[in-house]
There are 2 protein chains.
Amino acid sequence: VNSPPASIGLSLELVDTPALLVDLDALDENIRRMAQAASSYGVRLRPHAKTHKSPLIALRQIAHGAVGVCCQKVGEAEVMALGGVMDILIANEIWGASKLARLAALALQVKIAVCVDDAQNVADLSAAAEAYDANIEVLVDINVIGDIRTGVEPGESALRLASKVASCPGLHFAGLHAYAGKAQHIRDYSTRQSVIKHAVELVATTRNLLEQQGLQCPWITGSGTGTYRLEASSGVYTELQAGSYIFMDADYGQNLAADGGPYRDFENSLFVYSTIMSRPTADSAVLDAGLKSSSFDSGPPHICGLPDVEWVGGGDEHFNVRTPGARFPYALGDKVRLIPGHCDPTVNMHDWYVGVRNERVEAIWPVAARGCSR
Amino acid sequence: VNSPPASIGLSLELVDTPALLVDLDALDENIRRMAQAASSYGVRLRPHAKTHKSPLIALRQIAHGAVGVCCQKVGEAEVMALGGVMDILIANEIWGASKLARLAALALQVKIAVCVDDAQNVADLSAAAEAYDANIEVLVDINVIGDIRTGVEPGESALRLASKVASCPGLHFAGLHAYAGKAQHIRDYSTRQSVIKHAVELVATTRNLLEQQGLQCPWITGSGTGTYRLEASSGVYTELQAGSYIFMDADYGQNLAADGGPYRDFENSLFVYSTIMSRPTADSAVLDAGLKSSSFDSGPPHICGLPDVEWVGGGDEHFNVRTPGARFPYALGDKVRLIPGHCDPTVNMHDWYVGVRNERVEAIWPVAARGCSR
């Protein structure tokens with residue numbers, strides 16, 4: 001429905017706002033760095049595509065060595081498959097007859113794997129696979145962080161469920177899914193490290209238990225942008241599913257690295273471009289990108305080049321800021337780049353990426369799986 | 001891109017999730033109640049369409065006496081006009097040559113009004129109107145709440161800007177826009193009342209000043225779902241622009257009414273339908289509607305019928321809850337209705353409304369202006 005906010009060749013300052021900008025140099029550099037890290041640790045990389053929702057970006061990751069992508073929803077996987085991605089893990093549980101039918105049908109087109117944490121769900125998945133004569137790879141999701149989240153308990157519960165999977169037609173038990181979600185945003189490095197160390201021990205114990213019972217676990221996947229080096233170097237995980245690294249949320253900028261300095265493994269490559277649309281006082285401004293252009297769930301966006309700006313309110317379409325004690329440095333009509341607090345839900349609000357290099361529009365890409373929540 | 005999660009005639013429990021449900025009885029009742037309230041106070045009603053982003057819902061409001069709609073963005077107004085809405089106020093400032101050209105072109109199709117708070121913006125708007133030989137109604141936006149927000153100061157600043165508007169070709173000065181945004185969610189009734197009383201005084205003083213100078217103000221608009229009776233009964237406001245009343249955010253349920261009881265003028269008519277997809281413990285559950293299906297900026301959604309549920313985490317596609325001390329009452333695969341904390345940005349995540357009456361799907365409406373942020 002929405003037309004793109006720019007066309008190829010336009011100068012950045014002429015891009016209409018709000019717009020979702022991608023710095024193509026930074027994007028390419030992030031893709032390269034993560035691919036190199038995975039390679040150097042000897043693990044596979046399967047980036048999570050829920051971050052970008054774009055098969056074009058997925059194919060760039062795959063061109064640099066990624067084995068495929070993760071998705072959260074069948075609808076996302078359908079869009080990835082239509083866009084040429086041939087190997088997809090749904091890193092999530094899928095419930096409901098219509099979704100399971102779509103999943104099984106998709107497994108006839110591309111390689112499909114999915115997570116489970118319940119025996120009835122395994123039975124339903126098997127029935128769907130049989131109805132389509134499909135083969136689906138299955139990972140048992142284990143909860144290695146103790147929070148209320150998806151996944152069975154490590155150990156005996158995982159063994160029972162893996163045995164069930166192995167006995168079901170149309171399904172192939174392939175290994176374990178163990179994602180320490182909460183650990184990604186723990187600020188302190190040593191705390192983050194100890195949480196992952198404990199998770200890795202639970203994964204290893206579970207893997208050993210299953211393999212003693214003849215259930216091989218060649219595929220152990222998890223990790224995220226906040227902890228990828230820890231799982232990669234564990235000797236237990238075989239695959240990383242980090243996704244946010246490609247854009248870098250403002251929130252990750254609050255994490256501390258191993259040396260105690262700020263976490264700077266990747267560059268901010270995603271921005272919401274926004275116009276100054278009101279100047280209530282000398283030290284304040286209203287921008288045209290509010291809650292419908294940038295997700296505030298991990299805090300408000302940052303303004304590039306203005307570290308001391310203070311968020312003072314806003315609404316659906318407004319982002320109101322102050323620079324206490326200093327003149328707000330942009331005039332009415334000027335445009336600025338915002339760094340979203342949380343990229344994934346921010347991307348999901350937009351229909352188009354505007355790819356920019358050297359201050360010029362180089363690519364217009366649809367956010368093809370936007371809103372594919374089913 | 002996304003197909004609807006249901007078809008007409010389907011039973012509610014077969015609607016796929018996550019889905020945006022509208023209880024049509026509650027929607028119709030909310031439309032009727034606000035129309036009746038405006039009528040009883042003798043003020044016009046121009047509901048804000050940024051809430052629903054649907055010309056079909058706008059036309060239902062107009063059929064009950066609304067004079068037109070408000071929008072925030074030119075893109076929303078374009079969609080409303082295409083859908084048959086003939087009288088639109090952009091209750092916001094519009095910056096940028098391309099947006100002003102679209103606004104002027106639209107004013108040749110339907111009646112268009114817009115807000116201003118800057119003299120240069122008035123000049124730009126006038127140039128665009130002249131280029132299209134269009135006539136645009138203009139309201140001077142005044143800041144009556146003292147926050148950092150759009151709007152000039154009441155009094156002399158408003159007079160200067162109104163005079164500028166009146167002198168510009170293509171523009172017609174029509175009155176004042178004065179929206180006390182922050183007041184909408186003040187919990188305590190008497191505080192809310194005194195904030196609006198002060199705002200009304202500022203509006204009246206400004207109106208009197210302008211009218212003494214020959215600048216008539218037949219159109220004074222503002223108000224929202226949290227304060228509409230206060231502006232409606234002020235004798236100063238001539239028009240209400242409340243929007244959220246049609247759905248009712250969970251957040252408004254925290255407001256207190258004049259009698260000290262909970263604010264219950266309207267019914268919750270908007271829900272996110274969600275499936276229980278994991279049951280980590282007896283007192284907890286993971287639902288399939290996370291940050292990409294419901295906006296968390298005003299807090300997490302509520303679960304219908306479970307007032308004591310506690311939000312304990314989640315992510316892009318998960319909503320994790322506990323019922324401490326009690327068994328979580330729904331089983332895996334069951335579906336529940338969530339009441340969004342903030343409806344407007346929640347609607348903006350979805351492509352379809354599923355209209356339900358008597359537990360049966362009666363209407364499938366596109367969220368036609370979804371993502372129209374420019």
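Side chains are part of it too, since the values below use all heavy atoms of this structure and drop only hydrogens, waters and symmetry mates. Throughout, a chain's letter reflects where its sequence line sits, starting with A, and its residues are numbered from 1.
- Remark: Asn2(B) CG to Ser373(A) OG distance equals 7.0 Å, nearest 0.5 Å.
- Judged by distance alone, with hydrogens and angles left aside, the side-chain atoms of Arg149(A) form no donor-acceptor pair with the main-chain N or O of Gly314(B) at under 3.5 Å.
- Looking at Arg279(B), neither its backbone nor its side chain comes within 4.5 Å of chain A, counting heavy atoms on both sides.
- Both the backbone and the side chain of Asp16(B) come within less than 4.5 Å of a heavy atom of chain A.
- Under the 4.5 Å side-chain criterion, counting only non-hydrogen atoms from C-beta, Asn92(A) is in contact with Met277(B).
- Both the backbone and the side chain of Thr150(B) come within contact range of chain A, judged by heavy atoms closer than 4.5 Å.
- With a threshold of 4.5 angstrom between heavy atoms, Gln184(B) does not approach chain A through any atom at all.
- Here the side chains of Lys292(A) and Lys73(B) are not in contact, with every heavy-atom distance at 4.5 Å or above.
- In this structure, the portion of Asp117(A) lying under 4.5 Å from any heavy atom of chain B is its side chain and not its backbone.
- A 4.5 Å side-chain heavy-atom check between Ile148(A) and Arg322(B) finds at least one atom pair inside the cut-off.
- Most heavy-atom pairs under 4.5 Å with chain B, from the set Val312(A), Leu291(A), Asp124(A), Val286(A): that is Leu291(A).
- The closest donor-acceptor contact from the side chain of Lys99(B) to the backbone of Thr17(A) lies under 3.5 Å.
- Interface remark: Val152(B) contributes no atoms to any contact with chain A (heavy atom separation under 4.5 Å).
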Using the rule given for salt bridge (Lys or Arg N to Asp or Glu O under 4.0 Å), can you reason through Asp288(B) versus Arg374(A), listing the C-alpha separation, both sets of side-chain angles and the distance that settles it, and then say yes or no? CA-CA 9 Å; Asp288(B) 72 349; Arg374(A) 291 182 287 274; over 6 Å; no

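- Both the backbone and the side chain of Glu93(A) come within less than 4.5 Å of a heavy atom in chain B.
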